[in-house]
Number of protein chains: 2
Amino acid sequence: MAVSEPTASRRPTALDVAREAGVSRATVGFVLNNTPGQTIPKGTRERVLQAAERLGYRPNSAARTLASGRSRIILLVLPDWPIEFRLRNYLDEASAALDKAGYSLVTYTRQADQTARPLWEALSPDLVVGPARFSPSDVASMLACGVRRIYPHPDRAEPVDASLAISAGPEQQVDHLHERGHRNLVYAAFAQAHTSSMVTARYQAAVDRARTLGLAEPGLEWIDYRDGSGEAVRRWLGAGITGVAAFNDDVAAAVAGAVVRAGLRMPTDLAVIGHDDAPIATMFVPGLSTIRIDTVALGRRFADFALHKVEQRPGPISHNVPGPALIQREST
Amino acid sequence: MAVSEPTASRRPTALDVAREAGVSRATVGFVLNNTPGQTIPKGTRERVLQAAERLGYRPNSAARTLASGRSRIILLVLPDWPIEFRLRNYLDEASAALDKAGYSLVTYTRQADQTARPLWEALSPDLVVGPARFSPSDVASMLACGVRRIYPHPDRAEPVDASLAISAGPEQQVDHLHERGHRNLVYAAFAQAHTSSMVTARYQAAVDRARTLGLAEPGLEWIDYRDGSGEAVRRWLGAGITGVAAFNDDVAAAVAGAVVRAGLRMPTDLAVIGHDDAPIATMFVPGLSTIRIDTVALGRRFADFALHKVEQRPGPISHNVPGPALIQREST
DNA sequence: CTGAAAGCGCTTACAG
DNA sequence: CTGAAAGCGCTTACAG
């Protein structure tokens, strides 16, 4: 006897599943959510699962969020420039790990012009994470939208998670140039990225390392890839610079291109090392030395870290991340 | 007389605003949503808006979604490879335009391994859009999750929106090579991208154009940037190929690198044209000819298109998109 | 023009 | 071990 069969157009609800399985609505919830502290007999559990399967039941996420007060969404705010090569691996790995724990990772590149409604307003994420401190107005907006966890925390001076801002790469660039005999270095980045917090973070790491090695403090040089950067290269050579640590491989390629066009040679006239081991580092002629990061491991670490924050777990984060690897090619 | 002031820890609700403004809850909704058909006196409206402002009220998005049945989220599923340069502009422009209409754009790169819960399950988007047809299981999953609009529509043979799959770029590559006197062409893409629907779409456009011009059908050549691609270049030259249309500038750079390393010259021995006008096209030595797309205009067009779909508007989409521009450098 | 009230589909104490 | 019920914070007919 068919009692109000769900029509084709209506999406089945937990009540439909309960009726189909002959149990109460609450029991359906307990089974489907594996609610701890509830002991459901095997038979009941099976019946519920089969009924859900048969009806193609998917819980309504808005209702769940409203009732539970948690969206199970983690919002990762990415810097708007530059998108790193291999970021894809990082995000895939992080998403997969968070998915296993029942969370969805949404990435969001905040626009420079801040007039648009920020994404956390529409998503009510349980956690918003960024690679650097958020502006006071962003923090206020998140708080007003009910975001309970923000990282980096607006009031605490925590170090940024290692998976988001790694200093080992720039350090290794400086070490490598130093080993190759270079004593006067500059750090190069694209002028288009001068607002990027990642640039300043990496530059700072390079400066600290140079100081430790007893080198002069490398200058931060903003170059423009559109003009060939020839002027900058001539200036550096005039100032006795012999080594360039670049923010990423694109920057390294821009510098290397200027060197080649000026009729100079690498690494004899100028040594250049990039960062990320992007395809261009292989394709460029000459091949570009660079630093390879284990982004898969970093992504996993990010997931651990985010779960730690969102579930308020105390103690340290377990995952170890292998250090970056030097890839030496023809430019150093 | 303070009547149950909202504590610092509680987020204000529409009821708080109503009390603060001295109106009913429903009125608050009418004012804040600009509900058509409701005529609210100016004074009341002002009072409500000021009360909302004063309390820092933000509507709870989950509650709104649950009650209205619409999330006002548009989910754009991106192909997992390759991410186009200038995609950022496209997305920023699209987001801004959609935001003005009250929608949030979320982008989502679907992982190759499909075990994770797809993002549409957590977000309940009003519309899911992708650059190519979704798999039957994806469609089934979207339907089960209550997604009402899917594009491309699973049952209809609509052409993909022009903002997502533009054929004018590949056509212009072929035209340019043809004008420069090349008659035997290949189309090159990275082997790592062989599952990408964008590659096949662009390749098909190039093939169609070659046919129109009376040229032999260009072969689709998969190259690997890691091995220098020297073997492929030698093979092409042996087969009388003189022109290469590349999927993007990275591919063009890989080919160009192989040409340089083989001691050959561009465009004399082989002409190469890329696509996107990415930084690498400027930085590479020699400079790479390429196609520049007006991604800002495309992004705006995508927004128009998405609003059209999500609000079921009939008729054509208004926005005109300027054609791609040829950027000639040293490689052709 | 404004308000009281039902309802969206869940979660989660609280009883039995 | 299971169920009846309140409640999450909105939207939206429906009365007045």
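No hydrogens, no waters, no symmetry mates; every other heavy atom, side chains included, goes into these values. Bear in mind that the values here come from a model prediction, so they are computed numbers and not experimental data. Per chain, numbering begins at 1; letters A, B, ... match sequence-line order.
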Sub-3.5 Å donor-acceptor pair from the side chain of [X] to the main-chain atoms of [Y], do we have one?
X: B/R47; Y: B/A21; value: yes
X: B/D16; Y: B/T13; value: yes
X: B/R11; Y: A/C145; value: yes

Find the distance [X]:[atom1] to [N]:[atom2] and express it as a whole number of Å.
X: B/R70; N: C/dG9; atom1: CZ; atom2: C1'; value: 19 Å
X: B/L32; N: C/dT2; atom1: CG; atom2: P; value: 15 Å
X: B/N60; N: D/dG7; atom1: CG; atom2: P; value: 17 Å
X: A/L66; N: C/dT12; atom1: CG; atom2: P; value: 12 Å
X: B/R11; N: D/dG9; atom1: CZ; atom2: P; value: 9 Å
X: B/R58; N: D/dC8; atom1: CZ; atom2: C1'; value: 20 Å
X: B/L15; N: D/dG9; atom1: CG; atom2: P; value: 10 Å
X: A/N33; N: C/dT12; atom1: CG; atom2: P; value: 8 Å

**Asked** Can a salt bridge be assigned to the pair B/D304 and B/R300 using a cut-off of 4.0 Å between side-chain N and carboxylate O?
**Response**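 No, no charged N to carboxylate O under 4.0 Å.
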From [options], nucleotide with atom closest to [X] side chain:
X: A/A26; options: C/dC10, D/dG9, D/dG3; result: D/dG3
X: B/P41; options: C/dG3, D/dG3, C/dT2; result: C/dT2
X: B/S68; options: D/dG3, D/dT11, C/dG9; result: D/dT11
X: B/R64; options: D/dC8, C/dT11, D/dT11; result: D/dT11
X: A/A67; options: D/dG9, C/dC10, C/dT12; result: C/dC10
X: B/T27; options: C/dT2, C/dA4, C/dC8; result: C/dT2

**Pairing partner of D/dA13 (Watson-Crick or G-U wobble, both distances under 3.5 Å)** =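 Base partner found: none.
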**Complete:** Checking N1-N3 plus N6-O4 or O6-N4 for Watson-Crick, or N1-O2 and O6-N3 for wobble, each under 3.5 Å, the partner of C/dA4 is none
**Request:** Select base, sugar-phosphate, or nothing to describe what A/T44 touches, counting heavy atoms under 4.0 Å on all strands.
**Result:** sugar-phosphate
**Prompt:** Contact class for A/T65 (heavy atom, under 4.0 Å): base, sugar-phosphate, or nothing?
**Reply:**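 It contacts nothing in the nucleic acid.
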**Request:** Nearest-nucleotide wise, let me know which of B/A63 and B/V23 is further upstream toward the 5' end of DNA chain C.
**Result:**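 First, find each residue's nearest nucleotide; the 5'-ward one identifies B/V23.
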**Prompt:** Do the side-chain N and O atoms of B/S124 and B/S71 include a donor-acceptor pair separated by under 3.5 angstrom?
**Reply:** no
**Request:** May I ask you to evaluate whether A/T13 reaches the phosphate of C/dG9, defined as a side-chain N or O under 4.0 Å from OP1 or OP2?
**Result:** no
